[in-house]
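Structure, as structure tokens:
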Amino acid sequence: MTSGSITATFRAKTNFMKSWRPLNPPSNRDRLELYALHKQSVSGDAPPTPPMTSDDESSSVADRAKVAAWRTKRGTARADAMARYIDECDRQLRIYGTRDGDGGSGGSGSAGGKSSPTGIATTTARYATLTGGEGTYAFSNANGGGSSGDATTQNAPATYDEMKHDAGGDGEVGGGGVLLCPRGLAAVPLLCAAASESRFAYLARLQVTPPTNGWWAKQEPLCLEVDNLLSIPEKLIITLATYVERVSLMLSEHMGEGRSISAVSPRVFQAFLWPVHNVFLCAWICLILATTYLGSLVVMSQTLLFGAKRTNSPLGRLFMEEVHPSARAIESLCEQHQAIGVRVSGLALMPLMIMCDLSTGIVGRLGILVGSLVFVGMGICSWWYWLCVLPWLAVCGLCLAIMSGWCFGLIELAGNS
């Protein structure tokens with residue numbers, strides 16, 4: 001790609017991101033990444049770090065976070081920053097999806113304008129949430145609207161005081177209903193919606209999906225970067241689920257009437273694998289919440305030891321963006337409308353919700369320092385649950401899914417006979 005084409009693509013992507021309306025709110029880390037890459041592309045290297053002044057001390061956490069993110073791109077050529085900005089925009093569009101709005105050429109999977117049996121449209125809409133969709137979205141700037149010209153999009157986190165002022169009882173910001181949380185937690189409601197897919201809808205979706213366009217094959221780790229070694233458990237779940245899905249899709253090509261294996265319908269074996277698919281979704285939800293909890297525990301411990309200026313993670317922001325949203329996410333898993341596997345996952349994560357709510361309550365009564373110490377202390381005492389009990393429960397769930405799969409396969413076989 002030439003320099004001129006990169007610049008044109010960069011400008012077009014910037015204009016699009018000003019009006020992009022994500023289906024789920026991007027994490028602060030991803031917002032800062034877009035801000036830093038755009039700022040580096042437009043303005044070049046950030047100025048060197050000046051000595052601490054009274055103005056710096058009075059500046060907001062958001063301003064300091066934006067400048068710190070910009071400085072991480074020092075030495076990156078503008079053309080390279082533009083290319084990276086374009087790639088990052090595409091990645092976030094794929095991860096966070098797009099709200100239904102003014103229409104467009106969006107959509108994903110097999111929904112793209114094809115007629116489909118009853119139930120496929122709803123299912124495809126659910127599965128488009130993590131892979132992109134239709135409509136537009138706006139990253140709001142500091143004044144609440146999109147910027148114009150070459151101004152850098154202002155999508156950095158708010159200060160803790162702003163969050164306390166804007167956040168309601170459920171941790172949502174003002175009237176926008178945007179949850180301040182990492183992208184892993186932001187994806188939990190989408191995964192719950194995917195897990196609520198009925199057996200009929202699952203089989204109907206597989207019928208119109210080619211083997212090379214599976215939903216699991218489009219997913220990537222949500223809690224950590226792909227090249228981070230700690231993301232291996234998440235990548236393992238995605239890889240295993242991708243293999244199961246690919247087997248289900250390949251069965252449609254080789255089994256059924258007029259195929260090489262015509263005695264048995266592929267729906268029989270796909271029905272057998274349907275519970276396994278749901279267990280992988282539930283395991284992914286549990287892993288996201290457990291990873292977010294452990295990450296919060298590590299960062300909070302570092303902040304207690306070295307201070308917020310060094311870690312750039314104030315204790316109050318950790319509670320507002322990770323601890324409180326984690327508790328509310330687990331609470332939502334146990335609601336009656338959720339699938340049975342999701343509700344069981346919520347029960348398995350109930351100790352985490354209790355610890356988050358308990359430490360948050362202590363923050364309100366005794367202060368942020370005492371609440372943080374209690375949160376870290378409970379995390380250290382409960383290490384065995386997250387590293388031993390929770391993986392064991394996941395394996396038990398997978399075994400139960402395989403055993404119950406035989407029942408669904410026999411039901412489908414009886415229905416076809």
Side-chain angles (χ1 to χ4, degrees), residues 24-25 27-29 157-158 160 163-164 166-173 177-192 222-224 230 234 282-304 308 311 313-335 338 342-391 393-394:
N24 227 44
S27 68
N28 290 332
R29 181 182 64 177
Y160 179 53
M163 285 186 276
K164 288 174 63 179
D166 293 336
D170 294 332
E172 294 183 351
V173 178
V178 177
L179 191 65
L180 293 162
C181 60
R183 63 173 181 170
L185 289 181
V188 168
L190 309 179
L191 296 176
C192 291
L222 297 173
C223 296
L224 299 168
L230 297 179
E234 201 170 357
C282 296
W284 197 8
I285 292 172
C286 291
L287 183 61
I288 287 174
L289 288 162
T291 302
T292 302
Y293 164 68
L294 295 175
S296 303
L297 194 66
V298 172
V299 175
M300 194 173 292
S301 301
Q302 293 174 340
T303 301
L304 288 171
T311 61
S313 299
L315 296 175
R317 196 171 76 188
L318 288 173
F319 272 93
M320 289 296 295
E321 296 182 9
E322 298 187 12
V323 177
H324 181 73
S326 295
R328 302 287 69 79
I330 297 172
E331 185 179 28
S332 69
L333 299 182
C334 299
E335 294 176 353
Q338 301 286 10
V342 174
R343 293 165 69 180
V344 171
S345 300
L347 291 176
L349 294 169
M350 195 60 66
L352 174 55
M353 189 189 80
I354 294 174
M355 289 190 292
C356 291
D357 285 340
L358 179 60
S359 57
T360 302
I362 292 176
V363 168
R365 291 182 175 85
L366 302 178
I368 191 70
L369 181 60
V370 178
S372 301
L373 290 172
V374 170
F375 183 81
V376 172
M378 289 188 296
I380 294 174
C381 294
S382 62
W383 65 268
W384 54 273
Y385 186 83
W386 313 110
L387 299 182
C388 300
V389 177
L390 207 58
L393 291 176

Just do the side-chain contact (heavy atoms from CB on, under 4.5 Å) check on Leu373 and Ile362 with the steps written out, would you? CA-CA 10 Å; Leu373 290 172; Ile362 292 176; over 6 Å; no
Stepwise side-chain contact (heavy atoms from CB on, under 4.5 Å) check, Cys356 with His324: CA-CA 7 Å; Cys356 291; His324 181 73; over 6 Å; no
Is there a side-chain contact (heavy atoms from CB on, under 4.5 Å) between Leu304 and Leu369 once you walk through the steps? CA-CA 8 Å; Leu304 288 171; Leu369 181 60; 3.5 Å; yes
Start with the C-alpha distance between Cys282 and Val344, add both sets of side-chain angles, then the distance that settles side-chain contact (heavy atoms from CB on, under 4.5 Å), and finish with yes or no. CA-CA 9 Å; Cys282 296; Val344 171; over 6 Å; no
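Residues Leu185 and Glu321 fail the side-chain proximity criterion, which asks for heavy atoms closer than 4.5 Å. Side-chain contact between Val323 and Ser359 is present, with heavy atoms from C-beta onward closer than 4.5 Å. Counting heavy atoms from C-beta on, the side chains of Cys192 and Gln338 come closer than 4.5 Å. Between Met353 and Leu349 there is no side-chain heavy-atom pair separated by less than 4.5 Å. With contacts defined as side-chain heavy-atom distances shorter than 4.5 Å, the pair Leu393/Tyr385 qualifies. Side chains of Leu318 and Pro314 form no contact here, defined as non-hydrogen atoms less than 4.5 Å apart. Annotation: side chain of Phe319 is not in contact with side chain of Ser296 (no heavy-atom distance under 4.5 Å). The side-chain heavy atoms of Leu297 and Met378, taken from C-beta on, include no pair separated by under 4.5 Å.
For the atom pair CD of Glu335 and CZ of Arg343, the computed distance is 10.0 Å after rounding to the nearest 0.5 Å. The distance from the CH2 atom of Trp284 to the CD atom of Glu234 is 6.0 Å, given to the nearest 0.5 Å.
Below 30°, between 30° and 60°, or above 60°: for Tyr293 and Trp386 the angle between ring planes is between 30° and 60°, a tilted geometry.
In terms of heavy atoms, Val363 sits closest to Gly371 at CG2-CA, 3.7 Å. Minimum heavy-atom separation, Ile368 to Ser372: O-OG, 2.7 Å. The shortest non-hydrogen separation linking Leu333 to Gly346 is CB-CA, 3.8 Å. Residue Ala327 comes nearest to Asp357 through the heavy atom pair CB-OD1, 3.4 Å, listed as atom of the first residue, atom of the second, then distance. Smallest separation of non-hydrogen atoms from Cys334 and Met350: SG-CE, 3.5 Å.
Side-chain contact of Thr303 with Thr311: a donor-acceptor pair under 3.5 Å is present, judged by distance alone.
For the pair Thr291 (side chain) and Ile288 (backbone), a donor-acceptor distance under 3.5 Å is absent.
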